[in-house]
Q: 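Take this structure first; my questions come after.
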Amino acid sequence: VTLARPPDLSIVSVQLHKTRVDLAGLMKVLGEHLYSTPTVALRELVQNAHDSCERRRLEDHDDPSAGPRVIVVADPGERTLSIEDSGAGLTADEVERYLATVGAGYTRTLRDREPEASKGLIGYFGLGFLSAFVVADRVEVWTCSYQAPELAWRFVSRDGQTYTLESAPSRPVGTRVTLSLGDRFADLANPLAIRRLLTRYASLLRHPVFCPLDGSFERLGEAVNAEPPPWRDTRAHSDLRQRKLALEFVARFESQFEALCVLPLTQPDADPSEAGPLRGLLWVQDSATYGSSDNRRAWVFVRGMMISDDTRELLPRWAGFCGVVVETDELTPTASREDLQRDSSFDRGQAQIREALIEGLAALARRDPASWRRILTRHNEALLGAALCDDRLFDLIVEAATLPTSQGDLSLERIRERSRGQIYISQAERGGFEELLFRALGVPVVKGVRYAAAPIARRWAERHGIPVIALGTEVSERALFRRVDEQELDDPRIAACLREAFAGSHFTTELEVVLSRF
């Protein structure tokens, strides 16, 4: 046996290499495939402008301007879209370090450095500016930093991979980004369309966002986010006025159904230390639903910017007749900022919404019985399923809701009365001979094949010590139809008559007639 000599490790060379990046490929992937819709470019650039205003608020304590603002101007004639802010602006060095560097952003630096003071900042990943190259053939940026207000800079790029930077004539502190839109994205130069998008994306931003329809940067009109959301409204209102404002606010989001009622996500007297990560409003849709209906809508705003309009998992599965608008600083967006990460904060948000919905429905039943009856009428079947998911909902719903029976929809107490102290349930799609007999007797039979009917009836009967008899089983037939011996009959001709009527000549060979009392 010959043993191989081990290698001399002292002569092995180890070299450290840098990973190379194909910038063109990276820009294509990030710019074209990171976002699901080109309209996200508007949201990302408005977000950057808003963060610039917030940065100036934090850093420029001698700010002489009229205040933070963002102006969005669409020019269909020139096929351009411009976003201007009165924020901090950029120096030439910051243009290179942040604007022209993929994945780098001053917002993240500021948030990491001052986490408490910078809670109003929205961005984090440093990718938002890339969205401009999804819709624009050419991007031009004019900027002037508050740190050097006598200097202005002009940045121009066509593809995000190369750019020019030159000094520019003096301008007010802040930044203006102008997109020369590509042919496929000419719709983004429509002022009305842009205003509608801003109402969708930016309605909860704290700094005013203007979208003048005449293309002017001077005649601004009213901001698209002029009206604060109800949970941020510090004005004194009557209960009626508060309810009206809440319904008007919800109507901006719930386009498919009207809101029957609005419920707070956080009670006004709640302890802030025990409050969940969300602020906002819940509502019950004024529509008819079935147990399988799923019309949940969940709008999520992170630091005032809309992230998603369909995060329905935040609502309980049984709440297929509800919608919610939430604002939060704690939920974490994905890199595209079009969805949320499913982490522990998301789980806390789900729990908060579930509790707010249960407590809100209970409070509504006490405070506004008329609205509660309308909810029960429209969503009776869905609420039966909800009652199986939580004991509090069961207590709230079960006495007032109705179950489908052979005599129509009846409350459980009415079913018990008509059934002489028992509950009968049929699991058949079509009524059998037992149901026919019960119909003749005027006794209702619960239709157990319908959504949640059987388990609700069983749980309620068990709680009240009431017998439940399931029709169509051998056990129930023995309980319902006691077999009668012919010797018990007063007249033996009764048996012969029944045999002749039901079986005739087939009695002895094919059919058996069983005599029973019921």
Side-chain angles (χ1 to χ4, degrees), residues 288-293 376-377 380-388 394 397-518:
T289 58
Y290 300 97
S292 58
S293 299
L376 286 169
T377 300
N380 184 83
E381 188 173 273
L383 286 169
L384 291 177
L388 294 173
F394 187 88
I397 293 165
V398 73
E399 300 295 343
T402 59
L403 295 187
T405 76
S406 57
Q407 295 184 5
D409 294 339
L410 299 172
S411 68
L412 280 159
E413 185 58 37
R414 184 64 60 86
I415 294 171
R416 184 194 65 79
E417 291 173 358
R418 295 188 183 182
S419 301
R420 302 178 181 92
Q422 299 184 109
I423 300 291
Y424 299 97
I425 302 175
S426 173
Q427 297 289 354
E429 290 287 346
R430 295 184 177 181
F433 70 91
E434 305 100 329
E435 188 173 323
L436 180 63
L437 293 173
F438 281 113
R439 188 181 295 274
L441 293 171
V443 174
V445 177
V446 175
K447 296 183 177 181
V449 295
R450 292 282 296 275
Y451 181 76
I456 286 287
R458 292 181 188 279
R459 185 183 293 187
W460 184 83
E462 181 182 354
R463 176 177 290 190
H464 291 80
I466 297 172
V468 173
I469 300 172
L471 304 186
T473 66
E474 183 179 355
V475 174
S476 70
E477 289 185 2
R478 288 177 180 173
L480 292 171
F481 307 107
R482 183 176 64 82
R483 189 160 186 157
V484 176
D485 195 312
E486 290 187 28
Q487 282 71 26
E488 298 181 39
L489 298 175
D490 297 331
D491 187 340
R493 290 177 300 177
I494 294 176
C497 182
L498 290 172
R499 290 192 182 102
E500 178 63 26
F502 285 97
S505 61
H506 301 286
F507 170 66
T508 57
T509 57
E510 298 179 26
L511 297 177
E512 178 186 7
V513 176
V514 177
L515 305 183
S516 176
R517 294 189 186 279
F518 63 92

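Count residues from 1 along the sequence. Just so it is clear, the model here is predicted, and its values are computed rather than measured. Side-chain atoms are counted along with the backbone in the values below, which use heavy atoms only and exclude waters and symmetry mates.
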Q: How far apart are the C-alpha atoms of E413 and R416, what are their side-chain angles, what is the distance that settles it, and do they pass the salt bridge (charged side-chain N to carboxylate O under 4.0 Å, His left out) test?
A: CA-CA 5 Å; E413 185 58 37; R416 184 194 65 79; 2.5 Å; yes

Q: Where do R418 and T405 land on the side-chain contact (heavy atoms from CB on, under 4.5 Å) test, with the steps shown first?
A: CA-CA 12 Å; R418 295 188 183 182; T405 76; over 6 Å; no

Q: Give a yes or no on whether the backbone of Y290 and the side-chain of E381 come within a donor-acceptor separation of less than 3.5 Å.
A: no

Q: I need the F438 CZ to I469 CD1 distance, nearest 0.5 Å.
A: 6.5 Å

Q: Taking salt bridge (Lys or Arg N to Asp or Glu O under 4.0 Å) as the definition, give me every residue that meets it alongside E500, ordered by chain and number, with sequence neighbours left out.
A: none

Q: Enter the distance from K447:NZ to S406:OG here, rounded to the nearest 0.5 Å.
A: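 Taking NZ in K447 and OG in S406, the distance rounds to 7.0 Å.
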
Q: What's the shortest heavy-atom distance between L388 and A452, and which atoms?
A: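 Smallest heavy-atom distance, with atoms named: CD1-CB, 3.8 Å.
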
Q: Take atom CZ of R414 as the centre, draw a 6.0 Å sphere, and report whether it contains more than 12 heavy atoms from other residues, nucleotides or ligands.
A: no

Q: Minimum heavy-atom separation for L384 to T402, with atom names?
A: CD1-O, 3.7 Å

Q: Applying salt bridge (Lys or Arg N to Asp or Glu O under 4.0 Å), name anything that partners E488, two or more places apart in sequence or on another chain.
A: R482

Q: So, for I423 and A461, which heavy atoms are closest and what is the spacing to 0.1 Å?
A: CG1-CB, 4.3 Å

Q: Closest heavy-atom contact between G421 and I466?
A: O-CG2, 3.3 Å

Q: Count the heavy atoms belonging to other residues, nucleotides or ligands that lie under 6.0 Å from OH of Y451, then report whether that count exceeds 12.
A: yes

Q: Distance from I494 atom CD1 to L489 atom CG, nearest 0.5 Å?
A: 5.5 Å

Q: Are V446 and I415 packed together at the side-chain level, in the sense that at least one heavy-atom pair is separated by less than 4.5 angstrom?
A: yes

Q: Looking at every non-hydrogen atom in both residues, tell me the closest pair between A457 and L412 and how far apart they are.
A: CA-CD2, 4.1 Å

Q: With the side chain counted from C-beta on, respond yes when F394 and I456 share a heavy-atom pair under 4.5 Å apart, and no when they do not.
A: yes

Q: Of all heavy-atom pairs between L403 and A453, which one has the smallest distance, and what is that distance?
A: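 Smallest heavy-atom distance, with atoms named: CD1-O, 3.9 Å.
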
